[in-house]
Amino acid sequence: MDEVLSEEKKELRYAVTYSLLLTALPLVVLIVGEAFGLNIRQYGMRPLEPSGLWGILTMPLLHADWEHLISNTPPMLLLIFGLFLFYKRVAWRILVYIWVVSGLLTWFMGRQSTHIGASGLVYALAAFHFLSGVIKKVPRQRAFALLVSFLYGGFVWAFFPTLYAGTNISWEGHLSGLLAGILLAVYFRHEGPEPPVSPFANEEDEEDEIFMEDEQK
């Protein structure tokens, strides 16, 4: 029992550590940008421009102001925490895939503008966790998926471009994130925690063996 608790604490520390570090990156970028008067927006994504492909890597790290950053920070912290908690062995690979795929889709779909912000990544992670909870029969994952849907169910309104007419909000990034999260939840459906074994599984196997023996007699 002590070994199990120790392992769970280790996993929890692992998830907390990396979620805090990764969520702090955009904060550091914004502080440095403001401290040195840098125009960090110029390093964002510019769709369908070869030079704008760098934005796939930089877009989630760049934010226009503190309000923009604060709106993305809590969900990013929670969703990255869930990723490293449930997918310890492949968490980094999933994060890289989600980062790149959502970015590529935004590069193809986005309007001619400079796109910045982590909202696309947030939407991708939210979709990934929700669909993974639906696909997999793991109680903890399903509970986390319900928490995500409860906290961020209103995100569904972010996929309607008419709601953002005349604004600089990238609904294309939101939609790209949703699609990337769905695709990767299906792709990684065999990864992560395994469903609990039914206590009656062995009994059913024994009954099947007895039944087969009776038939042979």
Side-chain angles (χ1 to χ4, degrees), residues 16 18-49 51-84 94-130 147-181 184:
V16 168
Y18 282 108
S19 59
L20 286 173
L21 288 174
L22 289 167
T23 306
L25 286 177
L27 173 64
V28 172
V29 171
L30 184 58
I31 290 174
V32 171
E34 291 197 344
F36 293 93
L38 303 177
N39 178 22
I40 61 175
R41 184 183 291 271
Q42 66 180 312
Y43 302 108
M45 176 188 291
R46 293 185 299 278
L48 298 179
E49 294 183 20
S51 60
L53 282 168
W54 283 107
I56 293 174
L57 301 178
T58 60
M59 184 175 70
L61 302 176
L62 308 176
H63 290 80
D65 50 38
W66 286 100
E67 182 181 358
H68 188 199
L69 175 64
I70 291 170
S71 68
N72 283 329
T73 297
M76 190 160 60
L77 181 63
L78 174 66
L79 295 168
I80 293 176
F81 168 79
L83 184 66
F84 279 90
I94 294 172
L95 183 61
V96 169
Y97 280 25
I98 283 178
W99 196 301
V100 172
V101 173
S102 61
L104 271 174
L105 290 174
T106 304
W107 188 81
F108 278 110
M109 297 169 53
R111 77 193 87 166
Q112 291 302 305
S113 178
T114 302
H115 296 246
I116 61 173
S119 56
L121 185 62
V122 167
Y123 278 80
L125 287 167
F128 176 85
H129 280 300
F130 179 77
L147 176 63
V148 169
S149 64
F150 175 74
L151 293 176
Y152 309 115
F155 277 7
V156 68
W157 298 107
F159 309 124
F160 296 94
T162 54
L163 297 179
Y164 297 106
T167 72
N168 59 357
I169 296 176
S170 176
W171 66 267
E172 302 96 327
H174 300 168
L175 180 58
S176 298
L178 173 72
L179 296 175
L184 292 170

Which pair of heavy atoms, one from [X] and one from [Y], lies closest together, and at what distance?
| X | Y | result |
| --- | --- | --- |
| Tyr123 | His174 | CE1-CD2, 3.5 Å |
| Leu179 | Leu105 | CB-CD1, 4.0 Å |
| Pro26 | Met76 | CG-CE, 3.8 Å |
| Leu62 | Ile40 | CD1-O, 3.4 Å |
| Gly44 | Thr114 | CA-CG2, 3.8 Å |
| Leu77 | Thr23 | CA-OG1, 3.5 Å |

- Task: Mind running side chain to side chain contact (heavy atoms under 4.5 Å, CB included) on Phe84 and Leu22 for me, showing each step along the way?
- Result: CA-CA 11 Å; Phe84 279 90; Leu22 289 167; 3.7 Å; yes
- According to the side-chain hydrogen bond (donor to acceptor under 3.5 Å, both in side chains) rule, which pairs have a member within residues 68-78, sequence neighbours left out?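 Qualifying pairs: His63-Asn72.
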Separation of [Y] [atom2] from [X] [atom1] (nearest 0.5 Å):
| X | Y | atom1 | atom2 | answer |
| --- | --- | --- | --- | --- |
| Ile98 | Leu121 | CD1 | CG | 7.0 Å |
| Ile56 | Trp107 | CD1 | CH2 | 7.5 Å |
| Leu95 | Leu125 | CG | CG | 6.5 Å |
| His129 | Ile80 | NE2 | CD1 | 9.0 Å |
| Leu175 | Thr106 | CG | OG1 | 8.5 Å |

- Query: Do other residues, nucleotides or ligands put more than 12 heavy atoms under 6.0 Å from the CZ atom of Phe81?
  - Reply: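 Above 12, so yes.
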- Item | More than 12 heavy atoms from other groups under 6.0 Å of CD on Glu67 |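 It does not: Glu67 CD has 12 such atoms or fewer within range.
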- Trp66 vs Ile31, side chain to side chain contact (heavy atoms under 4.5 Å, CB included): CA-CA, chis, key distance, verdict: CA-CA 9 Å; Trp66 286 100; Ile31 290 174; 3.8 Å; yes
Taking the side chain as C-beta and beyond, is there a heavy-atom pair between [X] and [Y] under 4.5 Å?
| X | Y | result |
| --- | --- | --- |
| Thr58 | Met45 | no |
| Val28 | Leu25 | no |
| Leu83 | Phe128 | yes |
| Leu79 | Val148 | yes |

- Sequence neighbours left out, what passes side-chain contact (heavy atoms from CB on, under 4.5 Å) with Leu57? Give chain and number order.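 Residues passing side-chain contact (heavy atoms from CB on, under 4.5 Å) with Leu57: Trp54.
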- Item | His115 side-chain N/O to Pro47 backbone N/O, donor-acceptor pair under 3.5 Å |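 Side chain of His115 to backbone of Pro47: no pair is present.
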- Donor-acceptor contact present, side-chain Ser102 to main-chain Trp99, <3.5 Å: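 Pair found, side chain donor or acceptor close to backbone of Trp99.
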